[in-house]
Amino acid sequence: MHRTLITPASGPASGPASGPASGPIPPHTPAPPSGRSCRPLRAAAALGAGGLLLTGCGSGAAPAPGSQDDLKARLPKAVKAAGVLKIGSYLNYPPVDFKDSSGAPEGLDPELAKALGTTIGVKVEFTDMPFEKLVPAVRSKQIDLAMSAVIDTKQRQLGAADDGHQADAGVDFVDYFGSGTSMVVKSGNPLSLSSLESLCGRGVAVQRGTVQDELATRQTAACLRTGKQLQIHRFDTDEQALAEVASGAAAADLNDYPVAQYNTTQPGRAGTFQLASTNFLQAGPYGITVAKDNTVLRDIIAKALDEVIHSGEYDRILAKWNLHRGSVSSAVVNGGL
């Protein structure tokens, strides 16, 4: 239910090969004096023979653009020194991000994060925190990234409040998955719900601080115009929201399509819940969340994501979680609307 409100784990992709190693300086080539700039050495002319121009200086060729050595070399100093990308996630949203039986991060985001880390040449470290605290933690540099089914929206990019005023500095996104808001109802859809308008006069359950929370809040004004009030039941977890639907206390639960699909098809859930419609109520991409002033890290993550996509590892991860519908062909920076 995010997160379609504004960080990844098994089988990481192999990183691209590093750049070519440099060879030894030929014995007849003098090394440049320490601390001085490198200039062409007219060695043969100085010896009065030939005029051969030798220009070799330095330790060798630079890493190939996009290679692991290149990406790692360009990391912000603090990340490179630690050798770790610190990623925040609310690990309670299967199949996107959750904890396995041992308590380790699992799901689409943790697996993709590990693949990105392998491509860059760093480890990834997850911190489990409430969803509404993820973006502030990115802005304050408590974490490097957030990966938690965070939907990229212009409002979040700009740091705008619902009334349009500037609330904070905003964040940047590297979009990696196409998602949208789905409506989960009781099996059989006894109330024949299919749209936001059909919720007027009823109760809807959402996870607090998500895009679905924002979507339902905007719908309240439209429902008031019809004389039918929409009641919003806000919870800390999607499980609590689903329980409201199961008990009949709420007519529907709004959440992201991957989670909605999971909650209507998994053993123990099929026959209890179903999708009200196969159409999205609102579409939006998941974005890896980066601080607005950390464009270097943002661009490295975008390049690494492209490498993971082109290697085939991205498709393997999506296939594992049955999430091909949200596949993207390349990384996009701030593509949300």
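A quick note: this is a predicted structure, and the numbers were derived from the prediction, not measured. We use all heavy atoms of the structure for the numbers below, so side chains are in, but hydrogens, waters and symmetry mates are not.
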Tell me whether Gln155 contacts the main-chain N or O of Gly164 through its side chain, where contact means a donor paired with an acceptor under 3.5 Å. no
Say whether, by atom type as modelled, one donor and one acceptor occur between the side chain of Ser277 and the main chain of Asn279 under 3.5 angstrom. yes
Contact check, side chains of Leu145 and Leu297, non-hydrogen atoms, under 4.5 Å: yes
With the side chain counted from C-beta on, respond yes when Ile120 and Leu75 share a heavy-atom pair under 4.5 Å apart, and no when they do not. yes
Treat each ILVMFWY residue as a node, draw an edge where side-chain heavy atoms are under 4.5 Å apart, and state whether Val204 and Leu215 are in one component. yes
Any donor-acceptor pair under 3.5 Å linking the side-chain atoms of Asp69 with those of Ser67? no
Hey, which of Asp293, Asp168, Asp172 is the one that makes salt bridge (charged side-chain N to carboxylate O under 4.0 Å, His left out) with Arg139? Asp168
Arg298 side chain near Val333 side chain, heavy-atom distance below 4.5 Å: yes
Yes or no on side-chain contact (heavy atoms from CB on, under 4.5 Å) for Thr272 and Lys186, after CA distance, side-chain angles and deciding distance? CA-CA 6 Å; Thr272 301; Lys186 276 188 174 182; over 6 Å; no
Which atoms form the tightest heavy-atom contact between Tyr176 and Val328, and what is the distance? O-CG2, 3.4 Å
Whether the Thr217 and Arg234 side chains hold a donor-acceptor pair (N or O, under 3.5 Å, no angle test) is what I'd like checked. yes
Heavy-atom distance under 4.5 Å between the side chains of Gln212 and Leu281, does that happen here? no
Test salt bridge (charged side-chain N to carboxylate O under 4.0 Å, His left out) on Lys86 and Asp144; report intermediate values, then the result. CA-CA 5 Å; Lys86 298 178 180 178; Asp144 300 312; over 6 Å; no
Given 3.5 Å as the limit, does a donor-acceptor pair link the side chain of Asp152 with the main chain of Gly335, or not? yes
Sidechain-backbone polar pair: Asn263 side chain, Val259 backbone, donor-acceptor under 3.5 Å: yes
Aromatic contact between Tyr314 and Trp321, with the criterion being ring centroids under 6.0 Å apart: yes or no? no
Check for me, please, whether Ile288 and Leu323 land in the same ILVMFWY cluster - side-chain distances under 4.5 Å, paths through other members count. yes
For Arg74, is there an ion pair with Asp70 - N to carboxylate O distance below 4.0 angstrom? yes
Report yes if some heavy atom in the side chain of Leu85 is under 4.5 Å from a heavy atom in the side chain of Glu125; otherwise report no. no
